[in-house]
Protein chains: 2
Amino acid sequence: MTPTIKDVAKLANTSKSTVSRYLNGKPVKKQTEEAVRRAIAELNYHPNMNARRLVLDKTQEIGIVVDDITNRFYSAILKGVRRILDANGYDCVFYTLGLHHRKETDFLDLLYEGQVDGLIFVSFMRRSEDDVEEMKASSFPVVLIGDDAGVNEIPSIDVDNSSGVIDVVNYLYRIGHRDIAYISGPDGAAATKARMEGYQASIARLGLKLNPDLIVVSDWSNKGGYTAMQQLLEVGGFTAVVASNDESAFGAMSAMQEQGYNIPKDFSIVGFDDIDISSWSYPSLTTVRQPFEQMGSNAAQMLLEMIDSDGERSYSRDLLKPQLIVRSSCLTL
Amino acid sequence: MTPTIKDVAKLANTSKSTVSRYLNGKPVKKQTEEAVRRAIAELNYHPNMNARRLVLDKTQEIGIVVDDITNRFYSAILKGVRRILDANGYDCVFYTLGLHHRKETDFLDLLYEGQVDGLIFVSFMRRSEDDVEEMKASSFPVVLIGDDAGVNEIPSIDVDNSSGVIDVVNYLYRIGHRDIAYISGPDGAAATKARMEGYQASIARLGLKLNPDLIVVSDWSNKGGYTAMQQLLEVGGFTAVVASNDESAFGAMSAMQEQGYNIPKDFSIVGFDDIDISSWSYPSLTTVRQPFEQMGSNAAQMLLEMIDSDGERSYSRDLLKPQLIVRSSCLTL
DNA sequence: TTGTAGGCGTTATCAA
DNA sequence: TTGATAACGCCTACAA
């Protein structure tokens with residue numbers, strides 16, 4: 001049998017309560033403390049967390065539910081989350097939907113069941129308003145990363161996608177480009193709309209003409225970027241391209257290189273994300289860096305505050321500014 | 001107050017035991033079942049998992065402890081793990097060392113404390129024999145991914161690194177290369193030695209001469225591959241290079257391209273890992289694909305079996321064969 | 001500073 | 001098929 005607090009007490013010649021107090025750092029006489037310590041060591045005693053959680057009604061665990069584990073960004077988010085949790089003595093249970101087609105809201109049960117003290121939902125797909133309302137209604141500590149479906153009074157964190165694209169278009173304008181094509185993303189992604197709006201807004205603000213032929217919808221994949229660029233190349237009439245993510249930017253670059261074009265001499269190109277290869281590639285890719293790790297740590301911070309304040313919510317949407325990273329895929333005209 | 005099983009019983013005009021039975025799918029009379037179901041719905045009752053875990057001494061959770069969350073491979077491993085766990089009703093708690101310089105063995109406490117039913121340790125660094133012996137001694141359900149420090153009787157899973165490099169050297173030989181350079185990895189990584197051995201063994205087996213000048217030690221980084229290649233280019237006398245990972249292969253490619261060389265016309269190059277860019281790059285990279293997802297699912301499978309068989313261990317080391325992926329970075333001579 | 005006693009929400013045993 | 005009752009291992013008044 002694995003030893004319990006009772007066994008320790010017996011061996012140390014004292015009571016369960018005293019051992020418990022010792023374990024929780026409450027005042028205990030030097031002498032008994034020593035005896036308890038020895039008993040614990042001798043028995044190789046470890047407290048049973050499930051018993052503790054039952055009485056405390058607190059797990060010191062938060063859950064993170066992720067919609068698509070394949071997404072390359074989640075490890076950075078997780079890293080940020082872990083940093084905050086580690087510093088506060090929390091652990092992190094990892095859930096994914098997808099396989100069983102579960103909905104995000106199904107995971108609210110974890111809160112009801114006392115399995116976790118709070119939940120971070122991360123998805124960059126578009127959320128349904130109903131789902132977000134349900135999370136809000138649950139009145140448990142919950143924070144969203146990604147889309148908030150326009151629901152205001154729920155804590156959420158996202159990248160300011162529109163501002164990222166605006167930065168990048170402004171940059172291209174500054175170095176002389178006037179005819180700027182755009183490779184958009186998939187409809188299901190929440191960021192697609194915001195990035196497109198950023199593109200259109202900055203084109204307008206700079207007094208450039210918006211040429212619909214220079215906008216092509218893709219799916220953020222490498223292959224998608226490749227075909228999108230083939231399309232653009234047939235149309236022509238541009239000197240620079242904004243790809244709405246790095247992966248499709250690389251696909252676009254392949255298409256151009258295959259047709260014998262040189263980057264950046266013939267065309268300038270920028271991406272969005274700053275994935276690791278963007279700095280390795282030849283030429284390296286000018287892009288917009290997403291602050292994933294910070295999204296994770298901010299989310300964890302908010303969640304922990306809600307947990308500590310006993311569920312009181314701060315009702316804020318935190319839009320983090322992405323950062324323009326200038327490298328060598330653009331030519332100054 | 002959140003409702004308990006007792007409240008449900010009262011409302012359904014029955015006893016706690018009956019409700020408990022209903023919850024666990026044991027036979028209950030149709031009539032009472034209906035009453036219980038209604039009571040549960042009306043009260044919005046959810047069972048308290050911590051109470052259940054206390055009496056069952058079982059959490060239905062396994063822990064995965066990862067040494068370096070930055071590592072790009074962990075999400076694939078995690079995906080494999082999750083697939084198996086999902087199918088078996090287990091959840092997955094995620095731990096990292098690193099931040100507080102904790103050792104892997106510190107996490108054995110999670111088992112003692114009843115927080116998880118089993119543990120998967122994943123690290124591609126070299127493990128100390130002492131640590132692995134300690135895991136083995138604990139006699140809890142535990143499986144290692146990566147190094148096993150030569151300890152035989154502990155379940156572990158790894159890639160057959162040596163065989164991967166052998167495949168790739170044989171391939172280069174087959175298409176006509178005889179002077180094959182090698183860019184090695186960092187000393188701390190467990191795979192470095194095995195891959196180097198694969199290189200040396202196949203060079204010997206093919207009757208080629210082993211030229212020490214064509215072996216350069218690097219650190220698996222992009223920049224490391226870049227400088228390694230500069231070094232090799234000064235020496236010269238090779239037609240192909242084996243980089244011991246993809247990232248350094250790309251660094252090497254940059255160095256060659258910067259000096260005006262064409263790949264594969266001037267030099268052939270292969271990598272190891274098959275990270276996503278390897279298929280996007282121009283030219284795309286011939287490499288060795290690591291079966292990360294399968295490593296995860298195999299590990300989870302082994303662990304679950306150990307848990308079900310009440311801790312009995314299968315004492316096996318599972319070496320998965322990596323797969324040669326031929327793309328366009330090599331020229332047939 | 002210490003010990004006694006009661007309770008946390010389940011499941012499991014045993015009679016009925 | 002059901003209902004008392006006793007665990008499970010811990011924490012926390014309360015009294016000493």
Side-chain angles (χ1 to χ4, degrees), chain A residues 1-40 43-61 89 109-117 310, chain B residues 1-40 43-61 89 109-117 310:
Chain A
M1 272 317 286
T2 96
T4 75
I5 206 175
K6 199 172 158 190
D7 303 314
V8 176
K10 196 180 300 174
L11 187 60
N13 243 323
T14 178
S15 72
K16 294 192 304 177
S17 351
T18 304
V19 177
S20 173
R21 284 188 209 103
Y22 166 78
L23 290 172
N24 294 297
K26 281 164 193 163
V28 169
K29 200 161 53 168
K30 266 272 177 314
Q31 241 170 342
T32 40
E33 172 176 337
E34 186 48 34
V36 170
R37 194 202 317 280
R38 256 207 303 272
I40 287 177
L43 296 171
N44 189 26
Y45 165 81
H46 294 266
N48 180 315
M49 286 305 174
N50 296 314
R52 178 175 287 173
R53 286 171 182 170
L54 173 59
V55 5
L56 260 28
D57 197 26
K58 185 98 172 25
T59 60
Q60 293 291 115
E61 294 194 330
D109 280 356
L110 296 167
L111 265 357
Y112 285 111
E113 295 168 351
Q115 297 209 52
V116 294
D117 298 337
D310 211 31
Chain B
M1 271 318 285
T2 96
T4 75
I5 206 175
K6 199 172 156 189
D7 302 314
V8 176
K10 196 180 300 173
L11 187 59
N13 246 320
T14 179
S15 72
K16 293 194 304 178
S17 334
T18 303
V19 177
S20 174
R21 282 188 211 102
Y22 166 77
L23 290 172
N24 294 296
K26 281 163 194 162
V28 169
K29 202 164 50 172
K30 266 274 179 308
Q31 237 170 346
T32 40
E33 174 177 335
E34 186 47 35
V36 170
R37 192 203 316 282
R38 257 206 303 273
I40 288 178
L43 295 172
N44 189 26
Y45 165 81
H46 293 265
N48 181 315
M49 287 305 175
N50 295 314
R52 177 175 288 175
R53 285 171 182 169
L54 173 59
V55 10
L56 260 27
D57 197 26
K58 184 96 168 33
T59 60
Q60 294 289 116
E61 296 194 327
D109 281 356
L110 296 167
L111 265 356
Y112 285 110
E113 294 168 352
Q115 297 209 53
V116 293
D117 298 337
D310 210 31

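Chain naming here is simple, since letters A, B, ... match the order of the sequence lines and numbering starts at 1 in each. Since this is a predicted model, take the numbers as computed values, not measurements.
Rounded to whole angstrom, the span from the CG atom of A:Asn50 across to the P atom of C:dT11 amounts to 14 Å. Computed from coordinates, the A:Asp57 CG to C:dG9 P distance equals 8 Å when rounded to whole Å. If you measure from atom CG of B:Asp7 to atom P of C:dC8, you get 11 Å, rounded to the nearest angstrom.
For the pair B:Pro3 and B:Leu43, the tightest heavy-atom approach, listed with the atom from each and the gap, is CG-O, 3.5 Å. Closest approach of B:Thr14 and B:Val36 over heavy atoms only: CG2-CG2, 4.1 Å.
For DNA chain D, if you chain together Watson-Crick or G-U pairs that step i with j, i+1 with j-1 and so on, the runs of at least three with distances under 3.5 Å are C:1-16 with D:1-16.
Applying the side-chain hydrogen bond (donor to acceptor under 3.5 Å, both in side chains) test between B:Glu33 and each of B:Arg37, B:Lys29, B:Lys30, B:Gln31 identifies B:Arg37 as the sole match. Of the options B:Lys58, B:Gln60, B:Arg53, a side-chain hydrogen bond (donor to acceptor under 3.5 Å, both in side chains) to B:Asp117 is made by B:Lys58 and by none of the others. Checking each of B:Ile40, B:Thr18, B:Leu23 against B:Val8 for a side-chain contact (heavy atoms from CB on, under 4.5 Å) leaves exactly one that passes, namely B:Ile40.
In this structure the side chain of B:Asn48 never reaches within 4.5 angstrom of the side chain of B:Thr4, judged on heavy atoms.
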Could you go through A:Thr32 and A:Tyr22, starting from their C-alpha distance and side-chain angles, then the distance that decides it, and tell me whether this counts as side chain to side chain contact (heavy atoms under 4.5 Å, CB included)?
CA-CA 9 Å; A:Thr32 40; A:Tyr22 166 78; over 6 Å; no

In 5'-to-3' order, the base (B), backbone-only (S) or no-contact (-) status of each nucleotide in nucleotides 1-13 of chain D, using a 4.0 angstrom heavy-atom cut-off, is SBBB---BBBBBB

